[in-house]
Amino acid sequence: MTTMRANLLFTPAPLAEHPLAWQETDRPEPAAGQLLIKVVACGVCRSNLHTVEGDWVDGGVPAISPIIPGHEATGRVAGIGEGVTGFKVGDPVGVQPIWWACGTCEFCASDREQLCHERKVAGEHVNGGYGDYMVSWADYTYHVPESLDLVDAAPLFCPGITAYGVMDKVDVGPGDVVALFGLGGVGHMALQMALLTGAEVVAVGRNAAHRDVATELGATRVVDSTDPAAMEAIADSADVVLTFAASDEVTAQAMNTLKWGGTLVNAVPINVEEFHFNRAQTIKGSILGNRAQMRAVLELAAAGKIRTVVERFPMEQADVALGKLAAGELRSRAVLFNSEA
């Protein structure tokens, strides 16, 4: 059996207990309909942190042990399973969190496969991208334009598609105000997509490094959420509010910023303490996006209309990257890379 190296999670535990083990394991082989990908890079998502530390054990995540985390991976095709067409060895490709969906339910039949109740998520239900190789289903694998750097492209496959799915749920343009709360991995992608509509984009956050990134990316206005006067100045001002921070305090600030008649879209769990029906506000949830939308994200990046801001870590330093994420020490998205890829 051919082997590879990977970050293996045997038993979820706090990062301080070093639950990830960088070691040799069997290299997978692609079954019919699948591809073998030699991983170049994999983004580090807060969902990975929840998986590693055991926050989702009661929900059945991780579903197997050991498991290789990681759900936003890029690499090159290294093997092709029976019946697969449209790919050749060496093709640059990427995989988003939806590793597989049933293809027959009402959601799959209506191009909403991200809502499929039987869906499998890479790094949670099956092995993901925190290693040298991974397998993917060809139907859920995407060609990455040759013009894109595969390390920089990795966050397009979670923050990018998540941001696109959020923006698809609102109708904004010149003259509208969009406020974003949570300026990390997803937030920095949503900011750029919101700017593409011509709307005024207000970036709100407590992390100074995140606010600096928002400024670099062209936010119309950047607001320190820990400054009461600054927050009061934007109260009742936004036609649309997008939230990417799972915090009751942030949610309250976001609702206070939302205009009467406005729409809030959240891509994280939230608790709304007060909802005033007479303000005619709308709250929507959003999770990832479909396959056509994923391809649209890649087209935007290839056209130079959006870009990722990443901090690179060697693949064997997944625990370091996760630790910096947990401590709020990242400017935007951490990406693990294989130096030998």
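Heavy atoms only: backbone and side chains are in, while hydrogens, waters and symmetry mates are out. In this chain, residues are counted from 1 in sequence order.
For His117, the ring-ring contact (aromatic ring centres under 6.0 Å, His included) partners two or more places apart in sequence, or in a different chain, are Phe107.
Ring centroids of His71 and Phe157 are separated by 6.0 Å or more, keeping the two rings apart.
Between Glu24 and Thr3, the side chains place a donor N or O and an acceptor N or O closer than 3.5 Å (distance only, hydrogens not considered). A donor-acceptor contact under 3.5 angstrom links the side chains of Gln293 and Asp168, judged on distance only. Judged by distance alone, the side chains of Asn290 and Asp111 never bring a donor and an acceptor atom under 3.5 Å apart.
Electrostatic pairing of Arg333 and Glu72 counts as a salt bridge here, judged by a charged N lying under 4.0 Å from a carboxylate O. Remark: Arg211 does not engage Glu216 in a salt bridge, criterion side-chain N to carboxylate O under 4.0 Å. Ion pair Lys259/Asp236 not flagged as a salt bridge, since none of the NZ, NE, NH1 or NH2 atoms sits closer than 4.0 Å to an Asp/Glu carboxylate oxygen.
Shown here for Ala190 and Leu242, the closest heavy-atom pair between the two residues is CB-CD1, 4.4 Å. Asn271 and Thr251 make their closest contact through O-CG2, 3.5 Å (heavy atoms, listed as atom of the first residue, atom of the second, distance). Smallest separation of non-hydrogen atoms from Ala154 and Ala41: CB-CB, 4.2 Å. Here the closest heavy-atom approach between residue Tyr164 and residue Ala296 is recorded as OH-CB, 3.6 Å. Minimum interatomic distance between His210 and Arg331 (heavy atoms only, all atoms of both residues): CD2-O, 3.0 Å. Nearest heavy-atom pair, Thr74 versus Leu150, reported as atom, atom and distance to 0.1 Å: OG1-O, 2.6 Å.
Between Pro69 and Val52, some side-chain heavy-atom pair lies under the 4.5 Å cut-off. With contacts defined as side-chain heavy-atom distances shorter than 4.5 Å, the pair Leu195/Thr220 qualifies. Between Phe313 and Lys324, some side-chain heavy-atom pair lies under the 4.5 Å cut-off. Inter-residue side-chain proximity for Leu8 and Leu20 is flagged as unmet; no heavy-atom pair is nearer than 4.5 Å. By the 4.5 Å heavy-atom criterion applied to side chains, Met231 and Gln253 are counted as neighbours. Using a 4.5 Å cut-off on side-chain heavy atoms (C-beta onward), Thr257 and Phe181 make contact. Using a 4.5 Å heavy-atom threshold, the side chains of Val204 and Ile234 count as touching.
The main-chain N or O of Ala199 is found under 3.5 Å from a side-chain atom of Thr197 such that the two form a donor-acceptor pair. In terms of modelled atom types and a separation under 3.5 Å, the side chain of His188 and the main chain of Gly185 share a donor-acceptor contact. No donor-acceptor pair closer than 3.5 Å links the side chain of Glu113 to the backbone N or O of Gly103. Side-chain atoms of Thr308 come within 3.5 Å of backbone atoms of Asp152 as a donor-acceptor pair (strictly under, hydrogens ignored). Checking side-chain atoms of Asn7 against main-chain N and O of Met315 turns up a donor-acceptor pair under 3.5 Å. Side-chain atoms of Asn256 do not come within 3.5 Å of backbone N or O of Ala235 as any donor-acceptor pair. Side chain of Asp132 to main chain of Arg5: a donor-acceptor pair is present (N/O by atom type, distance under 3.5 Å, no hydrogens or angles). Between the side chain of Asn48 and the backbone N or O of Cys45, at least one donor-acceptor pair lies under 3.5 Å. Between the side chain of Arg279 and the backbone N or O of His276, no donor-acceptor pair lies under 3.5 Å. A donor-acceptor distance shorter than 3.5 angstrom exists from the side chain of Ser247 to the backbone of Glu249, with no hydrogens or angles considered.
Under the 4.5 Å side-chain heavy-atom criterion for grouping Ile, Leu, Val, Met, Phe, Trp and Tyr, Val186 is connected to Val309 within one hydrophobic cluster. Both Leu300 and Val178 belong to a common hydrophobic cluster when Ile, Leu, Val, Met, Phe, Trp and Tyr are linked at side-chain heavy-atom distances under 4.5 angstrom. Criterion: ILVMFWY side-chain heavy atoms under 4.5 Å apart, direct or through other members. Under it, Val213 and Val223 are not part of a common hydrophobic cluster.
Stacking of Arg291 on the aromatic ring of Tyr140 is recorded, both the 6.0 Å distance cut-off and the 45° axial limit being met.
Counting non-hydrogen atoms of neighbouring residues, nucleotides and ligands closer than 6.0 angstrom, the CZ atom of Arg206 reaches no more than 12 such neighbours. For Asp171, the CG atom is loosely surrounded, since the number of other residues' heavy atoms within 6.0 Å does not exceed 12. In this structure, Glu329 places its CD atom where more than 12 heavy-atom neighbours from other residues, nucleotides or ligands lie under 6.0 Å away.
Note that NZ of Lys38 and CZ of Arg76 are 11.5 Å apart. Values are rounded to the nearest 0.5 Å.
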For residues 59-68, which side-chain N or O atoms pair as donor and acceptor with protein atoms under 3.5 Å away, sequence neighbours left out?
from	atom 1	to	atom 2	distance (Å)
Ser65	OG	Phe10	O	2.6

(request) Evaluate side-chain contact (heavy atoms from CB on, under 4.5 Å) for Leu156 paired with Ile306, printing each intermediate quantity in order. (result) CA-CA 9 Å; Leu156 297 173; Ile306 58 174; 4.1 Å; yes
